[in-house]
**Q** 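The structure that follows is given in the form of structure tokens.
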Amino acid sequence: MTESLIPRLHGLMKPNTLTVFAGVSMLALCGYPAYASDDDEELLAIREQIHALENRVVAIEKRRHGERVASTMSRKERQNLSSSLQHASVKSVKSTNLAEGVDDVPVEPQARFSSSDPRQPFFHFGAPQQTETQQKSSIDLSSSSPLAITQTSVDRLPPVFSIGNISVRIGGFLELSNIWRDSNLTSGPATAWNNFPYANSPNHGLSEERLSAQLSRLSTLLEANPSASTRLQAYIESDFGGSGGSTNSVQINGYVPRLRQGYFTFTQKDWGFHLLMGQAWSLTTGYAKGVLPRNEQLPAVTDNNQIPGITFTRVPQIRIGKDWGQKYWLALSIEDPQATVGYSSTLSSGGRLPAVGDNAEGPRVYYANAGGVLLNPDTQYTDNPVPDIVLKGAVDTSVGHYEVFGLARWFRSVIQSPGANHTHKDTQFGGGVGGGMTVPLGTPKLQLTGNVIAGEGIGRYGPSLLPDTTFNSRGQLTPVPEMRGALGLIGHPDKSVLLYLYGGVETAGRRRYTAADGNQYGYGVTDQNLGGCDIEFGTCNAQTRTLASFTTGGWWHFLDGQWGSVMGGVQYTYIRKFAFRGNDGMGNSVYPTTTGNTVYVTFRYLPFQ
């Protein structure tokens, strides 16, 4: 019986150290009876074989770890092993190299979260021991767009647990922001830049201050590696920037979770192939490197509506990408944002436009509907005939990242022409071209970023939400020309400090016509009486022509350790809004303008970093 145990024990000892000592303990503790002196000799031989196997394990461990001998055997197991062999004629285990200094050797974790080893348990929690890798902070402020600030930096975190062969990482932060604006927008931690009121409003110059924790964020990244060149990832990110029908700040500030991002990706490294499906940052958004998700070049600002001048949005999409050596990139995205409509007078969907020429009435237009199942019934959704299409090319060089892209959009309305008893559909084309860059300025501690886009019908892709379209005299949705751009300077005076300075501008052009009543309609009209824009309680229907902004601020990562990190940020933004020209009712031209100032003070606790 004991002879059959020896080769079986030898086979068990090959996979890992824990198996060796389990086998040793079981054999030693079995207490086989000694029926004769032959049995004693046989037991002595077995003990000698165990000792030889022990020495082989020690040699393998030394080759694997160099001079540092690591063992997965617990202290109790070592004591049991020593006790079981105390009567052996060979040396005690305590005298072997295996026990020397073992208390100073860190225990290797048994779970390897990204491994495809089929022996991994189906559900396994990570060990609480802090290894050197885990103790190193995942917050890196040396980037021009640090993920720990702009998103959640979940990619740099170790897995928390695994489900089968899928590793699970959890990221996020708890945030408290104090927001101050010199004009009241009654807005949370996202500033509606185009809503700063003119002097006719009582809210102009009425300062607003509020505390908010709505931007506290949680993210989860799941990853599997079916092969050395294949990677599957699923990412979901949420905050509390949504509001339900019963949401208020009177009794409790019960703001609801919302979907920021939720998508999965497939990557085949050998082919340089990338696929994304779900809701993510638009491909029109600038990137710091390549065109892959979670590499976006987002301003490191605290305001959740970014800054005027940048191009961004988060939308459902299908994206296909290709890279050549992780240097040259090409991506095509099919995206589904809503359109915005601007008009010189109030016109709901189904209303009639002013008459033109000899017609007694104008065309009736339908362009939006209230949300239905799983959509917001209090919001109007435009009738998009097809998704938007974005094509982007990028290159990463030793002197920076550069990219160019093209955007194609389609806008549809349903029109009942004057005198007609039926409707017809009309589709108009819009789009634009843009580009971006991220360049180090002679040192990694200083970077310059910039982006620009020009076209027609591109207002939805900016934070100020200037209109994509307006109506012409026939009821067609006519894209509004627009240009938008921003430039940023990001500095890193210390590894724990980031400073930034941004300037941005958005400007729209005219799309107008003259109706039978002699008045102009559309967007960018110049015959309106805007004399009341500077008089309190006066009438002001000014249409925005240009928004210009200046933003400065910084972050300080002032606490870091095994229990998370704490960062503080402060930001100041000055904005100036310019309207299209009007008159004062006495033949004099007027150009209404207004300004706005915002100050953010933000603190974030990042428990996973």
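When a residue number appears, it is its place in the shown sequence, counting from 1.
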**Q** Just by distance, no angles: are the side chains of Glu175 and Tyr605 close enough, under 3.5 Å, to form a donor-acceptor pair?
**A**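 Checked: Glu175/Tyr605 side chains show no N/O donor-acceptor pair below 3.5 Å.
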
**Q** Verify whether one side chain among Asn541 and Gln543 offers a donor that lies under 3.5 Å from an acceptor in the other.
**A**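 No, no side-chain donor-acceptor pair sits under 3.5 Å.
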
**Q** So if I apply the side chain to side chain donor-acceptor pair (under 3.5 Å) rule between Ser144 and each of His492, Gln297, His401, which one comes out positive?
**A**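 With Ser144 as partner, side chain to side chain donor-acceptor pair (under 3.5 Å) holds for just one option, Gln297.
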
**Q** Looking only at atom types and distance, does a side-chain atom of Arg604 sit under 3.5 Å from a main-chain N or O of Ile149, one as donor and one as acceptor?
**A**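 Pair found, side chain donor or acceptor close to backbone of Ile149.
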
**Q** Locate the shortest heavy-atom distance separating Phe608 from Gly172; write the atom from each residue and the value.
**A**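 Minimum heavy-atom contact is CD1-N, 3.8 Å.
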
**Q** Closer than 3.5 angstrom, by distance alone: can the side chain of Lys392 be matched with the main-chain N or O of Leu283 as a donor-acceptor pair?
**A**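 Side chain of Lys392 to backbone of Leu283: a pair is present.
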
**Q** Drop me the distance from Thr593's OG1 to Asp534's CG, to the nearest 0.5 angstrom.
**A**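 The distance works out to 7.0 Å.
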
**Q** Between the side chain of Thr443 and the main-chain N/O of Lys445, is any donor-acceptor distance below 3.5 Å?
**A**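 Yes; at least one donor-acceptor contact below 3.5 Å.
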
**Q** Taking atom types as modelled, find out whether Asn194 and Thr544 have a side-chain donor-acceptor pair closer than 3.5 angstrom.
**A**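 Per modelled atom types, Asn194 and Thr544 side chains form a pair under 3.5 Å.
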
**Q** Donor-acceptor pair, His204 side chain versus Pro197 backbone, under 3.5 Å?
**A**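 Answer holds: yes.
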
**Q** So how far is it from Tyr523 OH to Thr478 OG1, rounded to the nearest 0.5 Å?
**A**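 So the OH of Tyr523 and the OG1 of Thr478 are separated by 14.5 Å.
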
**Q** Has Thr150 got a side-chain atom pairing as donor or acceptor with Pro146's backbone, closer than 3.5 angstrom?
**A**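 Looks like yes, one N/O pair under 3.5 Å.
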
**Q** Spell out, as yes or no, whether a donor-acceptor pair under 3.5 Å connects the side chain of Asn200 to the backbone of Ile535.
**A**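 It does not hold such a pair.
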
**Q** Side chains of Tyr572 and Asn597: is there a donor and an acceptor less than 3.5 Å apart?
**A**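 Their side chains do contain a donor-acceptor pair, which is all the 3.5 Å distance test asks for.
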
**Q** Is Arg260 salt-bridged to Asp239, cutoff N-O under 4.0 Å?
**A**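 Looking at Asp239 together with Arg260, the answer is yes, because their closest N to O distance falls below 4.0 Å.
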
**Q** Are Asp468 and Arg409 close enough for a salt bridge, meaning some N to O gap below 4.0 Å?
**A**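 Judged by the 4.0 Å cut-off on N to carboxylate O distance, Asp468 and Arg409 do form a salt bridge.
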
**Q** Taking everything shown except Tyr328 itself, do over 12 heavy atoms lie less than 6.0 Å from its OH?
**A**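 No - once you tally the heavy atoms of other residues, nucleotides and ligands closer than 6.0 Å, there are 12 at most.
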
**Q** Taking 4.0 angstrom as the limit, do Asp396 and Lys327 come out as a salt bridge?
**A**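 Salt bridge absent between Asp396 and Lys327.
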
**Q** Measure from the side-chain N and O atoms of Ser153 to the backbone N and O of Arg156, and report whether any donor-acceptor pair falls under 3.5 Å.
**A**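 Side chain of Ser153 to backbone of Arg156, a donor-acceptor pair under 3.5 Å: no, none is there.
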
**Q** With a cut-off of 6.0 Å (strictly less than), are more than 12 heavy atoms of other residues, nucleotides or ligands near CZ of Phe603?
**A**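 Not buried by this count: 12 neighbours or fewer within 6.0 Å.
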
**Q** Hey, what do you get for CD (Glu208) to OG1 (Thr191), rounding to the nearest 0.5 Å?
**A**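 Glu208 CD to Thr191 OG1: 8.0 Å, rounded to 0.5 Å.
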
**Q** Once rounded to the nearest 0.5 Å, what's the spacing between atom CG of Leu221 and atom CD1 of Ile236?
**A**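 The CD1 atom of Ile236 is 11.5 Å from CG of Leu221, to the nearest 0.5 Å.
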
**Q** Where is the tightest heavy-atom contact between Thr595 and Phe196, given as atom of each residue plus distance?
**A**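 It is O-CD2, 4.1 Å.
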
**Q** Give a yes or no on whether the backbone of Leu298 and the side-chain of Ser145 come within a donor-acceptor separation of less than 3.5 Å.
**A**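 Confirmed, Ser145 side chain pairs with Leu298 backbone.
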
**Q** Measuring from atom OG1 of Thr469 to atom OH of Tyr367, what distance do you get when rounded to the nearest 0.5 angstrom?
**A**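 The distance works out to 9.0 Å.
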
**Q** Would you give the length of the straight line joining atom OG1 of Thr551 to atom CD1 of Ile307, rounded to the nearest 0.5 angstrom?
**A**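 Atom-to-atom, Thr551:OG1 and Ile307:CD1 are 5.0 Å apart.
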
**Q** Taking Gly532's backbone N and O only, do any of them form a donor-acceptor pair with Tyr198's side chain (distance below 3.5 Å, no angle check)?
**A**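 Absent.
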
**Q** Any Lys/Arg nitrogen of Arg169 or Glu223 sitting under 4.0 Å from an Asp/Glu carboxylate oxygen of the other?
**A**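 So Arg169 pairs with Glu223 through a salt bridge.
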
**Q** Counting only heavy atoms not in Lys322, do more than 12 fall under 6.0 Å of its NZ?
**A**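 Counting other residues, nucleotides and ligands, NZ of Lys322 exceeds 12 neighbours.
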
**Q** Would Arg294 and Glu296 pass as an ion pair if we require N to O under 4.0 Å?
**A**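 No.
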
**Q** So which of Val390, Leu276, Ile334, Asp388 actually passes side chain to side chain contact (heavy atoms under 4.5 Å, CB included) with Gln317?
**A**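 Result for side chain to side chain contact (heavy atoms under 4.5 Å, CB included) with Gln317: Leu276.
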
**Q** Step by step, would you call Val315 with Gln279 a side-chain contact (heavy atoms from CB on, under 4.5 Å)?
**A** CA-CA 5 Å; Val315 287; Gln279 179 165 305; 5.8 Å; no

**Q** So does Gly462 get a backbone contact from the side chain of Glu506, meaning a donor-acceptor N/O pair under 3.5 Å?
**A**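 The answer is no, because no donor-acceptor pair under 3.5 Å joins these two groups.
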
